[in-house]
**Student:** 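Structure incoming, see below.
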Amino acid sequence: KEVFLYPFNHLQFKIKSSLQYSLLFSMSYQKTEIIFILIYFLQANFFTWFNIAGIMPNLYVILVLFIGLFMKRKLGVVFGFAFGLYLDIILGKTVGISAFALGAIGLIGEILSKNFAKDSRFIVTLMVIITTAIYETVLYIFTMLRTEGTIEILAFSKILLVELVFNTLITIIIYPLIKKAGYYVE
């Protein structure tokens, strides 16, 4: 009887492990969504008080980059697109611009995850600087194409520089927390 029951016990172990993995994975999805809502309220309420000439940090870029770096499995693209679509709808922008840009940031995070170490604060900060510049450039180009406005390089450079400084400082400050949470999810 024991020999006959062994395969079923093994199957039960695999099912139990699979269910635990699915539960853990769905919990990380829920935590990611809660973090997005928290960041949305920080961005909409808290950082409106702390701005320079109306320019605020962009926490969405940091969040989507870290999802791409730590969660992998194309979740950076999925979450980036979903968060961007939500922002486009809520903020009344042209639907799809932020979705495309944040989805691209998630993809870049996944690519960088395979090629660079996430343990270095300097490397991760450099990643945030590059992805913030890419995000803002994509948004600026799409906005100029949509509105047929004049391209003002100096004004755009000022906005980009202030946002890069904000995002860099925030990344340096919260890096240990993000690293710990990232390895927990990974």
Side-chain angles (χ1 to χ4, degrees), residues 32-72 74-116 118 123-175 178 182:
T32 304
E33 291 166 358
I34 290 169
I35 290 170
F36 174 77
I37 292 168
L38 176 70
I39 285 176
Y40 176 77
F41 284 113
L42 279 174
Q43 191 85 25
N45 297 317
F46 182 72
F47 286 115
T48 55
W49 299 335
F50 299 103
N51 61 57
I52 299 174
I55 303 165
M56 299 180 293
N58 194 334
L59 300 176
Y60 307 117
V61 172
I62 297 171
L63 174 64
V64 171
L65 175 67
F66 281 106
I67 290 171
L69 283 173
F70 288 102
M71 291 182 85
K72 300 175 189 162
K74 303 297 179 209
L75 291 177
V77 176
V78 171
F79 276 112
F81 186 82
F83 292 162
L85 192 61
Y86 177 78
L87 291 174
D88 285 340
I89 291 168
I90 294 298
L91 300 177
K93 296 180 180 180
T94 303
V95 175
I97 294 175
S98 293
F100 170 76
L102 285 176
I105 297 303
L107 180 63
I108 290 169
E110 292 170 15
I111 292 168
L112 292 174
S113 174
K114 296 174 187 171
N115 298 320
F116 294 97
K118 299 171 276 195
I123 297 293
V124 171
T125 304
L126 193 60
M127 290 178 192
V128 168
I129 291 170
I130 292 168
T131 54
T132 300
I134 290 170
Y135 177 79
E136 289 301 325
T137 304
V138 167
L139 283 185
Y140 187 73
I141 290 171
F142 274 121
T143 302
M144 288 299 111
L145 290 174
R146 182 178 52 98
T147 61
E148 297 177 6
T150 59
I151 297 175
E152 298 179 21
I153 299 296
L154 189 59
F156 172 70
S157 299
K158 175 186 154 192
I159 292 168
L160 182 62
L161 182 64
V162 172
E163 192 170 316
L164 287 173
V165 169
F166 267 138
N167 280 4
T168 301
L169 290 174
I170 289 172
T171 302
I172 290 170
I173 292 168
I174 65 172
Y175 173 75
I178 292 174

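Fair warning: this is a prediction, and the values are worked out from it, not measured in the lab.
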**Student:** How long is the straight-line distance from CD1 of Ile105 back to CD1 of Ile62, given to the nearest 0.5 Å?
**Tutor:**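 The distance works out to 11.5 Å.
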
**Student:** Is it true that atom OH of Tyr140 has more than 12 heavy atoms of other residues, nucleotides or ligands lying nearer than 6.0 Å?
**Tutor:**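 Result for OH/Tyr140: enclosed.
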
**Student:** Is there a donor-acceptor pair closer than 3.5 Å between any side-chain N or O of Ser98 and the backbone N or O of Gly84?
**Tutor:**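 Pair absent, no side-chain N/O of Ser98 close to backbone of Gly84.
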
**Student:** Can you measure from CE (Met56) to CG (Leu42) and round to the nearest 0.5 angstrom?
**Tutor:**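 So the gap between those two atoms works out to 11.5 Å.
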
**Student:** With rounding to the nearest 0.5 Å, note down the distance linking CG in Leu107 to CG in Leu112.
**Tutor:**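 The CG atom of Leu112 is 9.5 Å from CG of Leu107, to the nearest 0.5 Å.
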
**Student:** Which class fits the ring pair Phe36 and Tyr60: parallel under 30°, tilted 30 to 60°, perpendicular over 60°?
**Tutor:**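 Tilted: the ring planes of Phe36 and Tyr60 meet at 30° to 60°.
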
**Student:** Do you know which two heavy atoms are closest between Phe79 and Glu33, and how far apart they sit?
**Tutor:**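 Nearest pair, atom of Phe79 first, then Glu33: CE2-CG, 4.5 Å.
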
**Student:** So, Glu110 side chain and Met71 main chain: donor-acceptor pair closer than 3.5 Å or not?
**Tutor:**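 Here the side-chain-to-backbone pair does not exist.
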
**Student:** Exactly one of Phe142, Phe83, Phe81 should register a ring-ring contact (aromatic ring centres under 6.0 Å, His included) with Phe100. Which one does?
**Tutor:**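 The option that passes is Phe142.
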
**Student:** In terms of heavy-atom contacts, does CG of Leu154 have more than 12 from other residues, nucleotides or ligands at under 6.0 Å?
**Tutor:**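 Check fails, neighbour count at 12 or below.
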
**Student:** At their closest point, which heavy atom of Glu163 faces which heavy atom of Glu136, and how far apart are they?
**Tutor:**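 It is OE2-OE2, 2.7 Å.
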
**Student:** Applying the side chain to side chain contact (heavy atoms under 4.5 Å, CB included) criterion to Leu63, which one of Leu65, Val61, Ile67 satisfies it?
**Tutor:**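 That would be Ile67; it is the only one of Leu65, Val61, Ile67 passing the side chain to side chain contact (heavy atoms under 4.5 Å, CB included) with Leu63.
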
**Student:** Does any non-hydrogen side-chain atom of Leu102 lie less than 4.5 Å from one of Leu87?
**Tutor:**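 The answer is yes, as the side chains (C-beta and beyond) meet within the 4.5 Å cut-off.
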
**Student:** Which donor-acceptor pairs under 3.5 Å do the side chains of residues 164-172 make with protein atoms, sequence neighbours left out?
**Tutor:**
residue, atom, partner, partner atom, Å
Asn167, OD1, Asn58, N, 2.9
Asn167, ND2, Asn58, O, 3.4
Asn167, ND2, Thr132, OG1, 2.9
Thr168, OG1, Leu164, O, 2.6
Thr171, OG1, Asn167, O, 2.7

**Student:** Taking all non-hydrogen atoms of both residues into account, name the closest pair between Gln43 and Leu59 and its distance.
**Tutor:**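 Of all heavy-atom pairs spanning Gln43 and Leu59, the closest is OE1-N, 3.2 Å.
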
**Student:** Can you tell me how far CG of Leu85 sits from CD1 of Ile90, rounded to the nearest 0.5 angstrom?
**Tutor:**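 Ile90 atom CD1 to Leu85 atom CG measures 10.0 Å (nearest 0.5 Å).
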
**Student:** Which heavy atom in Asn115 sits nearest to a heavy atom in Ile111, and how many Å separate them?
**Tutor:**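 The pair with the smallest heavy-atom distance is ND2-O, 3.1 Å.
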
